[in-house]
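Single-structure report; data block below.
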Amino acid sequence: MSSIDSYYKPQEVEAQAQKYWEEHDSFRVTEDPDREKFYCLSMFPYPSGHLHMGHVRNYSIGDAITRFQRMQGKNVLQPMGWDAFGLPAENAAMQNKVPPAQWTYGNIDYMRQQLQKLGYAYDWSREIATCHPDYYRWEQWFFTRLFDKGLVYKKEAEVNWDPVDQTVLANEQVVDGRGWRSGALVERRSIPQWFLRITAYADELLKDLESLEGWPEKVRTMQSNWIGRSEGLELVFLIAGEKDDSLRRLSVFTTRPDTLLGVTYMAIATQHPLALKAAETNPALKAFIEEQQQHKVAEAELATMEKLGVDTGLKATHPLSGEEVPIYVANFVLMSYGSGAVMAVPGHDQRDWEFARKYDLPIRQVIEPRDDGAQCDLDKEAFVDKGRLVNSGKFDGMDFQQAFEAFAETLAAKGMGSKTVNYRLRDWGVSRQRYWGAPIPIINCDHCGSVPVPEADLPVLLPEDIEFSGGGSPLPKMPEFYEVACPQCGQAARRETDTFDTFMESSWYYARYACRDQTESMLDARANYWLPVDQYIGGIEHAILHLLYSRFYHKLLRDEGLVDSDEPMTNLLTQGMVLKDGSKMSKSRGNTVDPLPLIEQYGADTVRMFTLFASAPDQSLDWSDSGVEGMYRFLKRLWKLLADHEAVASGSPSAQEFNAAQKKLRLKTHQTIDKVTDDFQRRHAFNTAIAAVMELVNELSDFARAGADASDRLVIQEALEAVTLMLAPVVPHFSHVAWLHLGHDQACLDASWPVVDRSALQQDSMLIVIQVNGKLRGKMEVDRDAGRDELEKLAVADDSVQRFLSEGSIRKIIVVPGRLVNIVIS
RNA sequence: GCCCAGGUGGCGGAAUUGGUAGACGCGCUAGCUUCAGGUGCUAGUGAUCGAAAGGUCGUGGAGGUUCAAGUCCUCUCCUGGGCACCA
């Protein structure tokens, strides 16, 4: 036992606990097949140079879960690392004339120290920095594997080009259509780039969302919408008089095949090959296409933009009716979705309707409302609901599903159409024309084409000792980097100077933590011990891209035989933003709060506790300095209580005979254990867990104040132990020292989570609420075994009820056992 | 436009299965300790009427279901987020 000073000095407490953890290497874990594992992971930070409150919140949540699970007896892995590639390092390099590598590694060292100050239970032996060749070499290797499997390909794609700086800009470097440094108008340029075939996994990524029951519904919905699966029919309209076979068949996709006979014109995108060809001989059309090209406006405006188009003069033949309809080039048709052409049914699609009105095209009704009162007035707007077919010959009377099948069959028989599925999801472009990223392991040879770098030549090292000035990546200016011999034919070739999208690194880091010292392979058997991640914690801003890419990557790893699970993370907690004065903390708003001075003033435990207490983890958190003060007060008060308490061996209090006051405190103690356990385990409601512990401490203070004899001290000991253990995941340093003070040799972090003593929850009496007509009128303390009849009798006899009886007679009495009696009077 | 959250005291937020609305913390008020204090302790603190006992109102708004609604249903307003001409 160690006695403690009654004045709480967080700096000393935290130093003592951290020293112990360090000396005992307390957070290092190894695989142990005999124990249940728990992998708790917080999204790793970008090493920007300093921790902000969002990090503190994220990691305090993760650490609380980690330590709780450890106290449940599980073998818990909680690693930490650095999402170290990225644009800010390049910007800093330009500003400070420091190579990005040096800047990044310096930041990592500094931020690691900050994290250690906060006392998080990380197994630092597994630390990863994605900019390290030991890490990205496997990403390069994996890419070459995907290349061999045909899961990567190269195609032209548009980038933002700054004509003054002569460089490609990331989207965030384009401000109001101009380069952020040069101020020059940004141009769109097409250059060859690498893509990962995520669309090949679209169906599985969508289907498996259903199995992710531990993910917030919101995230699943967002991913589902992002994938955007729609079932429909792909069908062909022939172009009348067109000789060129590649242009003769105009293919379109529709989710409403039932409206097929309502087609009165066709609409194609400005970039559609047919449009481009027609423009060659049609100056008005050419001008229109060029003008639309200029309009690379914000996507939000697109939706409300006026619908415009030009007649190509071409005619398409309806595959069923044989009718010839005009083909328009229209600004509302996207080249990137479906085939870049649509069949227009103005009667039953609002966009088509508006366009038809504007250009005086016929509007034909082929669907009529079922008898459900739906309104249909094609003079006012399109009728877009599903209904019954009319004006469609032999298809008349069919409903949507019948028509879908019938049209599909008819068209298939003619070789003019088939059922298809379309996705909103696009393949993942992974090329970045940047320096500070993992080099794409491809060599371009004039004779052999794109050749992956052989495994023996990996990694392709990113040169770190470089001069970094403006004007884009230095790699294309470094012949020593890009001048290589082709691995296949040996002739002079050129290495790719593009680097990977940094989402590539963050898509598989969770797996590499399991075996980051493995030099022979990307992953080994240890990954299957730890995976999938049992609890992942991070910002909602990653709901789509990072989490979708990680799920995709996991399936790629699985199909390469590297992991045996289908999904990377079973449970996901998306923590809310940290706000100050109602708006998000950000440098530009100037409302950031630096965690470090607070840690110095109050200690890490107070700061951690406040971030968990101020709101539920998935809600936003409003920062309040006086709230932090409140947490500090609580810890000081509890500390005093502990110091004033003389530890006793915590035998088995249940063998004792307790007086009423002792029973009452024990009831509160065990009720609190019950609630807090549920809050931690099931709800992740740390805010209410902490509040419940505070309630217990308040009651404990009152009890202890009354003076304590030997048997009282036993009950106090029991309560203080419970409090110390329940707070251990939140304020681990505090609990570490408190636990020793309470007479334990074993470290608090290895202690077991407290267990509810059911017998302490047994009460002799219970509080019953008395209502008259649903309004609270009184309360009564009744015997635990009081039956329904007795409760009724007692309630009616209550003074507060008697007063209302003069106003009417009793109609009904509702008894909710253990809760209330409601007397209905009228 | 579509989809998803959310709206509760002066503030952050509780109320988990329809059953005592406002736990816990902040702030505020009064008092005590006597502290140089910004410390500590005690009591009070939704609004309103009342000396009190007690009553009335009260969870964005309007209806409804129910013995009973912050919680369920219908309509509506506001805030935040996501998607956005997806055929």
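Predicted model only: the values in this text are computed from it and were never measured. Convention: sequence-line order gives letters A, B, ...; per-chain numbering from 1.
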With a 3.5 angstrom cut-off on both distances, give the Watson-Crick or G-U wobble partner of [N], or none if there isn't one.
| N | result |
| --- | --- |
| C24(B) | G12(B) |
| U65(B) | none |
| A84(B) | none |

Next on the checklist: Do Phe288(A) and Thr270(A) make a side-chain contact, defined as non-hydrogen atoms from C-beta onward lying under 4.5 Å apart?
Outcome noted: yes
Answer with yes or no after comparing the ring centroid distance for [X] and [Y] against a 6.0 Å cut-off, counting only values under it.
| X | Y | value |
| --- | --- | --- |
| Tyr7(A) | Trp639(A) | no |
| Trp428(A) | Tyr549(A) | yes |
| Tyr265(A) | Phe355(A) | yes |

Give [X] one of three labels, base, sugar-phosphate or nothing, depending on what nucleic acid heavy atoms sit under 4.0 Å from its own.
| X | result |
| --- | --- |
| Thr254(A) | sugar-phosphate |
| Val824(A) | sugar-phosphate |
| Val333(A) | base |
| Ala543(A) | nothing |
| Gly338(A) | nothing |
| Glu629(A) | nothing |
| Arg777(A) | sugar-phosphate |
| Arg811(A) | nothing |
| Asn822(A) | base |

So, is [X] near the phosphate of [N], with a side-chain N or O under 4.0 Å from OP1 or OP2?
| X | N | value |
| --- | --- | --- |
| Ser230(A) | A87(B) | yes |
| Arg637(A) | U39(B) | no |
| Lys218(A) | C4(B) | no |
| Arg351(A) | C86(B) | yes |
| Arg424(A) | A84(B) | yes |
| Asn687(A) | A14(B) | yes |
| Arg705(A) | U42(B) | yes |

To the nearest angstrom, how far is [X] atom [atom1] from [N] atom [atom2]?
| X | N | atom1 | atom2 | result |
| --- | --- | --- | --- | --- |
| Lys779(A) | U20(B) | NZ | P | 10 Å |
| Leu621(A) | C11(B) | CG | P | 17 Å |
| Lys675(A) | C24(B) | NZ | C1' | 10 Å |
| Arg788(A) | C67(B) | CZ | P | 16 Å |

What nucleotide, of [options], holds the atom closest to the side chain of [X]?
| X | options | result |
| --- | --- | --- |
| Arg803(A) | C67(B), U16(B), G54(B) | G54(B) |
| Ala614(A) | A14(B), G12(B), C24(B) | G12(B) |
| Met694(A) | G25(B), C83(B), U16(B) | G25(B) |
| Asp622(A) | C26(B), G12(B), U20(B) | G12(B) |
| Val769(A) | A87(B), U42(B), U20(B) | U20(B) |
| Phe613(A) | G25(B), U20(B), C85(B) | G25(B) |
| Asp678(A) | G12(B), U16(B), C3(B) | U16(B) |

When the [atom1] atoms of [N] and [M] are considered, how many whole Å apart are they?
| N | M | atom1 | result |
| --- | --- | --- | --- |
| A14(B) | C67(B) | C1' | 26 Å |
| A15(B) | A69(B) | C1' | 13 Å |
| C86(B) | A23(B) | P | 50 Å |
| G7(B) | C11(B) | C1' | 16 Å |

Item to check | Residues that Lys419(A) engages under side-chain hydrogen bond (donor to acceptor under 3.5 Å, both in side chains), provided they are two or more places apart | outcome: Glu405(A)
Checklist entry - Ignoring hydrogens and angles, are the base of U20(B) and the side chain of Arg819(A) linked by a donor-acceptor pair under 3.5 Å? => result no
Checklist entry - Counting only distance, no hydrogens or angles, is the base of C83(B) paired donor-acceptor with the side chain of Asn225(A) under 3.5 Å? => result no
Next on the checklist: Both Lys636(A) and Asn698(A) contact RNA chain B. Taking the nearest nucleotide for each, which residue is further toward the 5' end?
Outcome noted: Asn698(A)
Item to check | Closest-nucleotide ordering on RNA chain B, the 5'-leading residue of Ile814(A) and Arg426(A) | outcome: Ile814(A)
Checklist entry - Does CZ belonging to Arg426(A) count more than 12 external heavy atoms closer than 6.0 Å? => result yes
Next on the checklist: Looking at Asp799(A), I'd like to know if its CG atom is crowded, meaning that more than 12 non-hydrogen atoms belonging to other residues, nucleotides or ligands lie closer than 6.0 Å.
Outcome noted: no
Checklist entry - Which glycosidic conformation, syn or anti, is assigned to G82(B) if syn requires a torsion within 90° of zero? => result anti
Sequence neighbours left out, cut at 3.5 Å: what donor-acceptor pairs do the side chains of residues 769-779 of chain A make with other protein atoms?
residue   : atom : partner   : partner atom : Å
Asn773(A) : OD1  : Ile825(A) : N            : 2.8
Asn773(A) : ND2  : Ile825(A) : O            : 3.1

